[in-house]
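All figures in this text were calculated on a predicted structure; none of them were measured in a lab. Side-chain atoms are counted along with the backbone in the values below, which use heavy atoms only and exclude waters and symmetry mates. We count residues from 1, following the sequence as given.
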Amino acid sequence: MKALITLFFIAQIIYGQSGLTFTKKQMYQDFDVLVATIHSVSPHLPIKKDLWHYDAKKQMLDLRKNIDKISSDLSFFILLESVLNTALDEHTSLLRQDSVWAKQQYEALKVARNKFKFSIGNIYSDGKYLTTNPFIVQGDTVSIGTEIVEIEGEPMDRYIQRKLYVTDGISYDLKRKKFYYAGILKNNETIFKDTLKITLKKNGKSKTYAFASNKFTKYLPTTKYRDSTRVEYWEKEKIIYIRLTDMEPEFTPFINEKLAVLKEQNISIDKIIIDIRRNGGGQDNVWQNLFAELIASPIKYSLKIDDFKNVVMSKEKIERFGFKDVIIKKDKDPLLRKYHFYTLLNTRESIEPSATSLKFTGKIYLLAEQHYSSAGSAVSVASSNPKDNLISVGRKTGYFLGLGFSPQVFVLPNSKVKYRIAPSIEVTNAKNLTDLMQDKIEIEIPYDLNYYQNKFSYKGKPTDKDFLIRFDPFIKAVLEN
């Protein structure tokens, strides 16, 4: 924990904070309440302990010993966020703050993050971190596919394994049994450093560079573009292409209007593509309404949701989500019995065609990568039945996904820091612990560095139909299927 202690001192020096608003007793109380609440509510942690061999509680308690060394408010706030980060669940996190003290710390940390300009576009592929954008550093041109092997003199894998508390968004590679995160270069430690030493490797040769954290990376020039939610008809291919960047309700009437125009034109349709890549989520009714506007017959799927010891999810809360078949009882499934789970729902759900649906009977492809929250729920439903015409295409996330209930909100007693915890886990058709991640994809797309080479050299925008059809491996998989 030496690095974490150093981080707290750096935060204190940079922001000129001395003294503490809260006593050590109050800080210990807030810390202990936070840890106890996470472990009494989150159903994912005991599963991660067995499946990932990851003991979140031990990680949290290791952080506790730093309280006596904290001497600034910001450092205490970072410590609390570090505890939440060790849950490795983006739905177990800080929220926008209401109390004056918490707002001040939240904004101070935000300022520090915004001052950090350095970045290296990269992907995690086959256990390695490979650059996706060429850039110049210290007179050298770093090409696409260069491997990032070390940060601050430490191998990437060991750095991440040792610092799971510094950021959210960390995934788990089941095949290689290790944690990974392509965005690790920016975290609650590195944002307080003036320079970062990064070791890069190409053609067997390694070289270490010192990057200024407050300066933008010098990427080689390429076409600038902005992605957007849109509906297109590709006439030659007879494909409707729907790009959905977020699960925002405001997109529903826009998409429905575009689909209505296509329906009036009585176009010929062979396939429909719904592209939710890098969709961070929002509201489930957005993808549910979209499916309803396309299908000819109901999408039926099983849904079983559990929680841990039934601490926070009451029958009344669940019914507010519109569910009627609420059953709260101990889950006696042999796989789950040891975890003290309670079944909240065990039912069959159905998405019915809307009155204005295209009533399309052909294949509908859902493209997904780096998806989470409600976007992850859409993928789970698309992947649930291999015999239907709804097909998921993409890459696994290394997260726990699936359908569930909204995170529950809590407030710490002294600092009044507001945070949330995911209270449920989808256990539908789970035959083993891996199934509980609900991270299935029907057609998996491996990373291909040629895609990034083509994206860099392409003269138009990579969102153009021409580029998608010629170079996008997701689209090419749909065309060939």
Would you confirm whether [X], through its side chain, and [Y], through its main-chain N or O, come within 3.5 Å as a donor-acceptor pair?
{"X": "Arg395", "Y": "Pro446", "answer": "yes"}
{"X": "Glu352", "Y": "Pro298", "answer": "no"}
{"X": "Lys440", "Y": "Ser380", "answer": "no"}
{"X": "Lys317", "Y": "Val312", "answer": "yes"}
{"X": "Thr86", "Y": "Met60", "answer": "no"}
{"X": "Lys178", "Y": "Gly127", "answer": "yes"}
{"X": "Asn450", "Y": "Gln453", "answer": "no"}
{"X": "Thr199", "Y": "Val149", "answer": "no"}
{"X": "Thr167", "Y": "Asn85", "answer": "no"}
{"X": "Ser392", "Y": "Ile441", "answer": "no"}

Counting heavy atoms not belonging to [X], are there more than 12 under 6.0 Å from its [atom1]?
{"X": "Lys359", "atom1": "NZ", "answer": "yes"}
{"X": "Lys418", "atom1": "NZ", "answer": "yes"}
{"X": "Lys57", "atom1": "NZ", "answer": "no"}
{"X": "Phe254", "atom1": "CZ", "answer": "yes"}

N/O donor to acceptor pairs below 3.5 angstrom from side-chain atoms of residues 463-470, sequence neighbours left out:
| unit_1 | atom_1 | unit_2 | atom_2 | d |
| --- | --- | --- | --- | --- |
| Asp464 | OD2 | Lys461 | N | 3.0 |
| Lys465 | NZ | Glu237 | OE1 | 3.1 |
| Asp466 | OD2 | Tyr458 | OH | 2.6 |
| Asp466 | OD2 | Arg470 | NH1 | 3.1 |

Once rounded to the nearest 0.5 Å, what's the spacing between atom [atom1] of [X] and atom [atom2] of [Y]?
{"X": "Leu84", "Y": "Ile38", "atom1": "CG", "atom2": "CD1", "value": "4.5 Å"}
{"X": "Thr229", "Y": "Phe251", "atom1": "OG1", "atom2": "CZ", "value": "3.5 Å"}
{"X": "Asn285", "Y": "Ile351", "atom1": "CG", "atom2": "CD1", "value": "11.0 Å"}
{"X": "Ser213", "Y": "Lys215", "atom1": "OG", "atom2": "NZ", "value": "10.0 Å"}
{"X": "Thr347", "Y": "Tyr301", "atom1": "OG1", "atom2": "OH", "value": "9.5 Å"}
{"X": "Asp270", "Y": "Phe360", "atom1": "CG", "atom2": "CZ", "value": "7.0 Å"}

Could you tell me which residues satisfy side-chain hydrogen bond (donor to acceptor under 3.5 Å, both in side chains) with [X], sequence neighbours excluded, listed by chain and number?
{"X": "Ser228", "result": "none"}
{"X": "Asp246", "result": "none"}
{"X": "Asn481", "result": "Lys363, Tyr365"}
{"X": "Lys117", "result": "none"}

Pair Thr397-His371, side-chain hydrogen bond (donor to acceptor under 3.5 Å, both in side chains): steps then yes or no | CA-CA 7 Å; Thr397 65; His371 49 282; 5.1 Å; no
Do NZ/NE/NH1/NH2 and the carboxylate oxygens of [X] and [Y] come within less than 4.0 Å?
{"X": "Asp439", "Y": "Lys396", "value": "no"}
{"X": "Asp388", "Y": "Lys300", "value": "no"}
{"X": "Lys338", "Y": "Asp50", "value": "yes"}
{"X": "Lys476", "Y": "Glu480", "value": "no"}

Could you give me the CA-CA distance, side-chain angles and deciding distance for Phe179 and Tyr54, then say whether ring-ring contact (aromatic ring centres under 6.0 Å, His included) is met?
-> CA-CA 10 Å; Phe179 295 99; Tyr54 171 67; 5.4 Å; yes
Side chain to side chain contact (heavy atoms under 4.5 Å, CB included) between Met437 and Trp52: does it pass, once the steps are laid out?
-> CA-CA 11 Å; Met437 292 182 68; Trp52 296 356; 3.8 Å; yes
Which side-chain hydrogen bond (donor to acceptor under 3.5 Å, both in side chains) pairs, counting each pair once, include a residue from residues 326-337, with sequence neighbours left out?
-> Lys304-Asp331, Asp331-Thr343
Please identify each residue that fulfils side-chain contact (heavy atoms from CB on, under 4.5 Å) with [X], with sequence neighbours left out.
{"X": "Ser457", "answer": "none"}
{"X": "Ala260", "answer": "none"}
{"X": "Tyr106", "answer": "Phe77, Arg96, Gln97"}
{"X": "Glu235", "answer": "Tyr233"}

Dump the intermediate steps for side-chain hydrogen bond (donor to acceptor under 3.5 Å, both in side chains) on Glu293 and Ser354, then the final yes or no.
-> CA-CA 6 Å; Glu293 287 296 319; Ser354 71; 2.9 Å; yes
Please collect all ring-ring contact (aromatic ring centres under 6.0 Å, His included) contacts where either partner lies in residues 314-336, sequence neighbours excluded, each pair once.
->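 Passing the test, one end in residues 314-336: Phe321-Phe405, Phe323-Phe405.
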Which of these passes ring-ring contact (aromatic ring centres under 6.0 Å, His included) with Tyr180: Tyr159, Tyr399, Tyr124?
-> Tyr124
Stepwise, does the side chain to side chain contact (heavy atoms under 4.5 Å, CB included) test hold for Leu174 with Leu51?
-> CA-CA 9 Å; Leu174 281 168; Leu51 179 61; 4.0 Å; yes
Between Gln138 and Lys207: side-chain donor-acceptor atoms closer than 3.5 Å =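 Not at all, the side chains of Gln138 and Lys207 share no donor-acceptor pair under 3.5 Å.
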For Phe118 and Thr217, what are the C-alpha separation, side-chain angles and deciding distance, and is it a side chain to side chain contact (heavy atoms under 4.5 Å, CB included)?
-> CA-CA 5 Å; Phe118 163 70; Thr217 305; 3.5 Å; yes
Name all pairs fulfilling the salt bridge (charged side-chain N to carboxylate O under 4.0 Å, His left out) condition that reach into residues 274-288, sequence neighbours left out, sorted by first residue then second.
->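 Found Arg243-Asp275, Asp275-Arg277, Arg277-Asp472, Arg278-Glu369.
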Minimum heavy-atom separation for Ala422 to Thr92, with atom names?
-> N-OG1, 3.4 Å
Given Ile274, Ile276, Ile475, the one that forms side chain to side chain contact (heavy atoms under 4.5 Å, CB included) with Leu367 =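 It is Ile475, the one option of Ile274, Ile276, Ile475 that forms the side chain to side chain contact (heavy atoms under 4.5 Å, CB included) with Leu367.
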